[in-house]
Amino acid sequence: MLSRHSALALQGVSGGELEDLCAQAVQLRKQHYGERLTYSRKVFVPLTTLCRDDCGYCTFVQRPGSPGAKVMTPAEVMEVVQQGQQLGCKEVLFSLGEKPERRYQQARDALAALGYQRMTDYLAACCDQVLEQSSLMPHVNAGTLDEDELRLLKPRCLSMGMMLETMSRRLLQKGGAHYACPDKVPLQRIRTLERAGRLQVPFTTGILIGIGETWDERIDSLLLINRLHAEYGHIQEVIIQNFCAKPGTPMANYPEPSLEEMLRTLAVARLLLHPSISLQAPPNLQQRYGHYIQAGINDWGGISPLTRDYINPEKAWPQLELLAAACAEQGCLLEERLALYPAYQQQPGFVEAAVQARLAPLCRADGLAQHQCLAS
Ligand SMILES: O=c1nc2n(C[C@H](O)[C@H](O)[C@H](O)CO)c3cc(O)ccc3cc-2c(=O)[nH]1
Ligand SMILES: C[C@H]1O[C@@H](n2cnc3c(N)ncnc32)[C@H](O)[C@@H]1O
Ligand code: SF4
């Protein structure tokens, strides 16, 4: 594996040197993942767009009173889930604003009308409903969570996630991407990752590229994730996500990272992270699938035949046929996976009995190769 010192020196690597770096990353990918490139067939449920944070890059968040500010009802959630089931989806991605009830009356009122005081309690109830009334299983992306919240959610979902985003505290300053965002204070993110590790929650995390972080901070963010995984073994995937500038946000005119910057970061991430950690990059935030594959990724994350990416609504999902063709061109095979990677499926500490019981039928569902379903 790459040392911190070598990784830091790779800032700005390009041309033939970048190609060599990518070739090393691909070799490592092949050793650990063979020819497989995976994705999860999912529906996206934006349970609430209200959020107490104000990230400079985000258009998902809606201020109280605006038309898009809402909390979905249980019926609305189940409508999407049932449609997803018809279309062969196996994951429900719950992605939502963080602790809106601590800041906004509209959130408190909406929750009270549903019979709850905390967003997390309502989220837990929605997960229960999905498990009881469908064959899909939740993946929860709710931002920072305390120990009680993680304990509450663990038996109700297949896995959870939260992007570290960055370990840089500089971005909290006025004018920075994370100014006035209590949940983007790196220490709070790190604590959530640690708690998830102690509680053995199979976890997704990652970094956002191009929000003002330096190359050194990016390397240190990856090393931090790696250290947490070395201690707890719970990081099943790391997402390397490119910042996309959105009109109407404070960062509307901020430069987006170039393709080369992404390839450099992906290859270094593959060489820095433990090989058992899946390396994911979304296929809808750029179109150069072949280049990403050549930089060492082994996973595309969630792709939906039904719902858009509510975080990047202007970016359509690729057609699976096109993605499969791009994979084939690179000698790879596009394959569906669950929101829980095979290595975790038979580890009792990581999978609660209630969840384990639900895994077998999902694994028998069509479209999933046997190696993705060790639990069946
Ligand atoms: O459609 C999206 N899915 C996102 N996902 C979902 C992800 O693509 C898949 O659902 C997981 O790989 C399931 O295993 C996230 C999941 C996390 O745990 C943390 C962050 C993200 C971020 C996104 C995102 O921006 N857009
Ligand atoms: C769910 C995840 O979506 C990512 N996210 C939020 N806004 C943007 C954007 N403009 N561009 C790219 N990713 C974004 C953050 O990393 C968050 O943690
Ligand atoms: S990125 Fe997440 S935490 Fe930040 S404003 Fe958007 S919804 Fe809130």
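Counting convention: from 1, in listed order, for ligands and their atoms alike. Numbering of residues begins at 1 and proceeds along the displayed sequence.
- A salt bridge does not link D53 to R103: none of the charged side-chain nitrogens sits closer than 4.0 Å to a carboxylate oxygen.
- Protein N/O/S atoms closer than 2.8 Å to atom 6 (Fe) of ligand 3: C58 SG.
- For E237 and R337, the salt-bridge test passes: some basic side-chain N is under 4.0 Å from an acidic carboxylate O.
- Sparse packing is recorded around CZ of R169, with 12 or fewer heavy atoms of other residues, nucleotides or ligands lying under 6.0 Å away.
- The G301 neighbourhood of ligand 1 comprises atoms 8 (O), 12 (O), with distances under 4.0 Å to a heavy atom of that residue.
- Every atom of ligand 1 with a heavy atom of G302 under 4.0 Å away is listed here by number and element: 7 (C), 8 (O), 9 (C).
- For atom 4 (C) of ligand 1, the closest non-hydrogen atom of the protein is L93 CD2, 3.9 Å.
- Taking all atoms of both residues into account, the shortest heavy-atom contact from V26 to I293 is CG2-O, 3.6 Å.
- Near ligand 2, residues Y57, N141, M163, E165, L208, Q241, N242, F243, C244, K246, I311, N312 each place a heavy atom inside the 4.0 Å sphere around the ligand atoms.
- One finds the CD atom of Q241 at 5.0 Å from the CG atom of L285 (value rounded to the nearest 0.5 Å).
- Between W300 and Y292, the angle of the ring planes stays under 30°, which puts this pair in the parallel group of the 30/60° scheme.
- Ring centers of H139 and F203: at least 6.0 Å apart, outside the cut-off.
- Among all non-hydrogen protein atoms, the one lying nearest atom 14 (O) of ligand 1 is R337 NH1, 2.9 Å.
- A salt bridge does not link R227 with E231: none of the charged nitrogens is closer than 4.0 Å to a carboxylate oxygen.
- The number of heavy atoms from other shown groups lying within 6.0 Å of CD (E17) does not exceed 12.
- Near G161, the atoms of ligand 1 lying under 4.0 angstrom from a non-hydrogen atom of the residue are 18 (O).
- When all heavy atoms of I239 and M163 are compared, the closest pair comes out as CB-SD, 3.9 Å.
- Atoms of ligand 1 found under 4.0 Å from any heavy atom of Q280 (numbered from 1 in listed order, with element): 7 (C), 8 (O), 12 (O).
- Under the 4.0 Å criterion applied to side-chain N and carboxylate O atoms, E165 and K184 are assigned as salt-bridge partners.
- Looking only at protein heavy atoms, the nearest one to atom 13 (C) of ligand 1 is E91 OE1, 3.2 Å.
- Using a 4.0 Å cut-off to heavy atoms of E237, the atoms of ligand 1 that qualify are 11 (C), 12 (O), 13 (C), 14 (O).
- Contacts with ligand 1 closer than 4.0 Å are made by side-chain heavy atoms of I239 only, the backbone lying farther away.
- Among protein heavy atoms, the minimum distance from atom 23 (C) of ligand 1 is reached at I311 CD1, 4.2 Å.
- Ligand 1 places these atoms under 4.0 Å from at least one heavy atom of T204: 17 (C), 18 (O).
- Of all protein heavy atoms, the one closest to atom 18 (O) of ligand 1 is H139 NE2, 2.6 Å.
- Ionic pairing of K99 and D146 is not present here: no N-O contact between side-chain nitrogen and carboxylate oxygen is shorter than 4.0 angstrom.
- The closest non-hydrogen atom to atom 25 (O) of ligand 1, taken over K42, R308, Q241, M163, comes from Q241.
- Between E149 and K154, none of the side-chain N atoms (NZ, or NE/NH1/NH2) sits under 4.0 Å from a carboxylate O, so this pair counts as no salt bridge.
- Residue-ligand proximity: W317 is placed with a non-hydrogen atom under 4.0 Å from ligand 1.
- Aromatic ring centres of F60 and Y310: separated by at least 6.0 Å.
- Using a cutoff of 4.0 Å between basic side-chain nitrogens and carboxylate oxygens, E352 and R156 are not scored as salt-bridged.
- Electrostatic pairing of E336 and K90 counts as a salt bridge here, judged by a charged N lying under 4.0 Å from a carboxylate O.
- Separation of atoms CE (M167) and CG (D220) is listed at 5.0 Å; rounding is to 0.5 Å.
- When heavy-atom distances to ligand 3 are checked against a 4.0 Å cut-off, K184 comes that close only through its side chain, counted from C-beta outward.
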